[in-house]
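I have placed the structure first, in the form of structure tokens, so that the comments after it can refer back to it.
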Amino acid sequence: MGHGMLRLVAAQERLLHSSISGKVCNICCAQGRLFSSSRIVRDKQQQPTPRGIPYTKLTVGVPREVWQNERRVALSPAAAATLVKKGFNVQVENGAGALASFRDDDYAAVGARVTGNAYDSDIVLKVRQPLEQEVTKFRELSTLISFLYPAQNKLIIDQLVPKSMTLFGMDCIPRISRAQVFDALSSMANVAGYRAVIEAANHFGRFF
């Protein structure tokens, strides 16, 4: 076969390939998508609008713990700063972090609002389960994230039910690898263990 015939065959193959490619592109465009570098680019107008409430319209409240000898607080100033940066409105009750060595000014400095009533929030963060005198302070249809121990505090749970609240019991989160970041029980157990060793060393009569 001569060189002229080879060039003719090659030209015909290119023409056939471009014709097929054009048909494929026309089909793809008709279906509302484009293939580019093995990726599918879909029309943004066809994507559904995300459902839910924007962070900027949600309030996160941190009340002061009322259990006797409870020194913890549900949210540190550093964690409050993270929520504020994401757009949440964070409000902290006066003195909520005082026993944990967090001042009201520390929360205010990161954008949280110091208030006298943090229960009036869309989402309430607590350490200990609510007491009976706290139940009436919660807003209806709000969310509570706290240690709850529902089997031991059935009375409190039953009192919260009429408010149609959403309750997240941190003590009920399964202790599995995927949920390890939410495993508050293990973190508290570790703190208690370290504290026990330090207390024992302090009372021991010689070097520990």
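Atoms considered below: every heavy atom in the structure, side chains included; atoms not considered: hydrogens, waters and symmetry mates. Owing to the predicted nature of the structure, the values given are computational and were not obtained by experimental measurement.
- With sequence neighbours excluded, the residues satisfying side chain to side chain contact (heavy atoms under 4.5 Å, CB included) with A184 are F147, M170, S187.
- More than 12 heavy atoms of other residues, nucleotides or ligands sit less than 6.0 Å from atom CG of L155.
- Counting heavy atoms from C-beta on, the side chains of L125 and S146 never come closer than 4.5 Å.
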Where do V60 and D122 land on the side chain to side chain contact (heavy atoms under 4.5 Å, CB included) test, with the steps shown first?
CA-CA 6 Å; V60 178; D122 299 301; over 6 Å; no

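- Not counting sequence neighbours, the partners of D158 by the side chain to side chain donor-acceptor pair (under 3.5 Å) test are K154.
- Of all heavy-atom pairs between A118 and V124, the closest is O-CG2, 4.2 Å.
- One finds the CD atom of E70 at 5.0 Å from the CZ atom of R128 (value rounded to the nearest 0.5 Å).
- Residues passing the ring-ring contact (aromatic ring centres under 6.0 Å, His included) test with F102: none are found, sequence neighbours excluded.
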Under 3.5 Å, which donor-acceptor pairs link side chains of residues 173-181 to any protein atom two or more places apart or in another chain?
unit_1 : atom_1 : unit_2 : atom_2 : d
R175   : NE     : S186   : OG     : 3.4
R175   : NH2    : S186   : OG     : 2.5

Evaluate I157 against L167 for side chain to side chain contact (heavy atoms under 4.5 Å, CB included), listing each step before the verdict.
CA-CA 9 Å; I157 301 300; L167 307 178; 4.0 Å; yes

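- No donor-acceptor pair under 3.5 Å is formed between the side chain of W67 and the backbone N or O of V127.
- Under the rule for a side chain to side chain contact (heavy atoms under 4.5 Å, CB included), Q68 has no partner lying at least two apart in sequence or in another chain.
- Using a 4.5 Å cut-off on side-chain heavy atoms (C-beta onward), I156 and E132 make contact.
- Looking at residues two or more places apart in sequence or on another chain, you find a salt bridge (Lys or Arg N to Asp or Glu O under 4.0 Å) between D120 and R139.
- Between the side chains of E134 and Y119, at least one donor-acceptor pair of N or O atoms lies under 3.5 Å.
- By the side chain to side chain donor-acceptor pair (under 3.5 Å) test, E65 is found to be paired with K126, residues two or more places apart in sequence or in another chain being considered.
- Among residues two or more places apart in sequence or in another chain, the side chain to side chain donor-acceptor pair (under 3.5 Å) test is passed with D104 by none.
- For the salt bridge (Lys or Arg N to Asp or Glu O under 4.0 Å) test, no residue two or more places apart in sequence or in another chain qualifies with R51.
- Here the side chain of S121 pairs no donor or acceptor atom with the backbone of T59 at under 3.5 angstrom.
- Judged by distance alone, the side chain of N89 and the main-chain N or O of T56 form a donor-acceptor pair under 3.5 Å.
- For the side chain to side chain donor-acceptor pair (under 3.5 Å) condition, the pairs that include at least one residue of residues 105-115, sequence neighbours left out, are Q91-R113, R103-D106.
- One hydrophobic cluster, built from ILVMFWY side chains closer than 4.5 Å, cannot hold both L141 and M165; they sit in different ones.
- When the side chains of ILVMFWY residues are joined at heavy-atom separations under 4.5 Å, either directly or via intervening members, F168 and V62 end up in a single hydrophobic cluster.
- Atom CG of residue D183 and atom CE of residue M188 lie 10.5 Å apart, to the nearest 0.5 angstrom.
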Using the rule given for side chain to side chain contact (heavy atoms under 4.5 Å, CB included), can you reason through F204 versus R206, listing the C-alpha separation, both sets of side-chain angles and the distance that settles it, and then say yes or no?
CA-CA 6 Å; F204 200 52; R206 47 191 178 146; 3.5 Å; yes

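- Under a hydrophobic-cluster definition in which Ile, Leu, Val, Met, Phe, Trp and Tyr are linked whenever side-chain heavy atoms come within less than 4.5 Å, directly or via other members, V66 and Y149 are assigned to different clusters.
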Listing, residues 76-88 side-chain donor-acceptor contacts under 3.5 Å, not counting sequence neighbours, or none:
unit_1 : atom_1 : unit_2 : atom_2 : d
S76    : OG     : A79    : N      : 3.3
T82    : OG1    : A78    : O      : 3.3

Might you work through the side chain to side chain contact (heavy atoms under 4.5 Å, CB included) test for L75 and V90, ending with a clear yes or no?
CA-CA 10 Å; L75 198 69; V90 180; 4.1 Å; yes

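- With a 6.0 Å radius and a threshold of 12 heavy atoms from other residues, nucleotides or ligands, R72 has its CZ atom above the threshold.
- Clustering ILVMFWY residues whenever any of their side-chain heavy atoms sit less than 4.5 angstrom apart, transitively, puts V114 in a cluster other than the one holding L99.
- In this structure, the separation between CG on L160 and CZ on F138 is 6.5 Å, given to the nearest 0.5 Å.
- Between K163 and E140 there is no salt bridge, since no side-chain nitrogen of the basic residue lies less than 4.0 Å from a carboxylate oxygen of the acidic one.
- Residues passing the side chain to side chain donor-acceptor pair (under 3.5 Å) test with N117, sequence neighbours excluded: none.
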